[in-house]
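Scroll down for the structure; my scribbles are underneath it.
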Amino acid sequence: TVRVVVRSSATDLLTTAQFSLKWDPTVLRFAGVVGFGLRGLDAARNFGTNGVSSGTLTFGWDDPQATGVPVGEGEPLFTLVYTVIGGPGSGSAIRITSHPTFGELSVRGKVIPHTANEGMVAVRRSDGGVLGMSGTGSAPQGLWFEMLPQRGRSPPSARDLKQWNP
């Protein structure tokens, strides 16, 4: 199992967020979404799972009180859970995209320019051991991923990250 935390660097009152997430379904099987960090966020209401077998999850949320939710730098919005099904040497990017759901964040009711980085999961052992890689958005407001190591496994080293080449 791989858990991928989606975090925000928007440090103000977040009022809406929407985007699509994509990954390689031959490497990762979507298992669910947990750890909701926004008021009113719910798996059934805010996540479109019709495309998960082909590697697409859609997301749309707006503050039910329409006042904005204070989001601190790096606070988790939600956590994606995947089962690793790819073999050793395989890997999958996890991307925030604008297809089919257009990517947009709004703060205090105004759409803000934003960026999103790409996360990566690499399978390095036949027992499903993974290598996670993350980064931060390149703009002051954005989204990024944090890959969490499997229980009982240590996080990847910088040497491991440099050696992985899909």
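For the side chain to side chain donor-acceptor pair (under 3.5 Å) condition, no pair includes a residue of residues 40-52, sequence neighbours left out. The list of salt bridge (Lys or Arg N to Asp or Glu O under 4.0 Å) pairs with a residue in residues 48-65, not counting sequence neighbours, reads Arg39-Asp63.
Here the closest non-hydrogen pair linking Gly109 and Thr15 is N-OG1, 3.0 Å. Between Ser98 and Gly103, the shortest heavy-atom distance links the atoms OG-N, 2.8 Å. Nearest approach of Thr26 to Ile85, heavy atoms of both residues: O-CG1, 3.6 Å. Annotation for Val27 and Gly91: closest pair CG2-O, 3.5 Å, computed over non-hydrogen atoms. The shortest non-hydrogen separation linking Val33 to Ala43 is CG1-CB, 3.9 Å. Of all heavy-atom pairs between Leu77 and Leu41, the closest is O-CD2, 3.4 Å.
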**Request:** Report the C-alpha distance between Val84 and Leu28 in whole Å, list the side-chain angles of each, state the deciding distance to 0.1 Å, and finish with yes or no for side chain to side chain contact (heavy atoms under 4.5 Å, CB included).
**Result:** CA-CA 5 Å; Val84 177; Leu28 300 173; 4.2 Å; yes

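Partners of Thr101 according to the side chain to side chain contact (heavy atoms under 4.5 Å, CB included) rule, which considers only residues two or more places apart in sequence or in another chain, are Gln18, Ser20, Thr58. Applying the side-chain hydrogen bond (donor to acceptor under 3.5 Å, both in side chains) test to Arg29 and every residue at least two apart in sequence or in another chain returns nothing. Applying the ring-ring contact (aromatic ring centres under 6.0 Å, His included) rule to Tyr82 yields the partners Trp23; only residues at least two apart in sequence or on another chain are considered.
Rounded to the nearest 0.5 Å, atoms CG (Asp24) and OG (Ser54) are 11.0 Å apart. Atoms NZ and CD1, from Lys22 and Ile94 in turn, are 14.0 Å apart once rounded to the nearest 0.5 Å. In this structure, the separation between NZ on Lys110 and OG1 on Thr16 is 13.5 Å, given to the nearest 0.5 Å.
Within the 4.5 Å cutoff, no side-chain heavy atoms of Thr97 are placed close to those of Thr56. Between Phe30 and Leu21, every side-chain heavy-atom pair lies at or beyond the 4.5 Å cut-off.
Taking the six-membered ring where tryptophan is involved, the planes of Phe78 and Phe59 are tilted, since the angle between them lies from 30° to 60°.
Chaining together hydrophobic side chains whose heavy atoms lie under 4.5 Å apart places Val81 alongside Val34.
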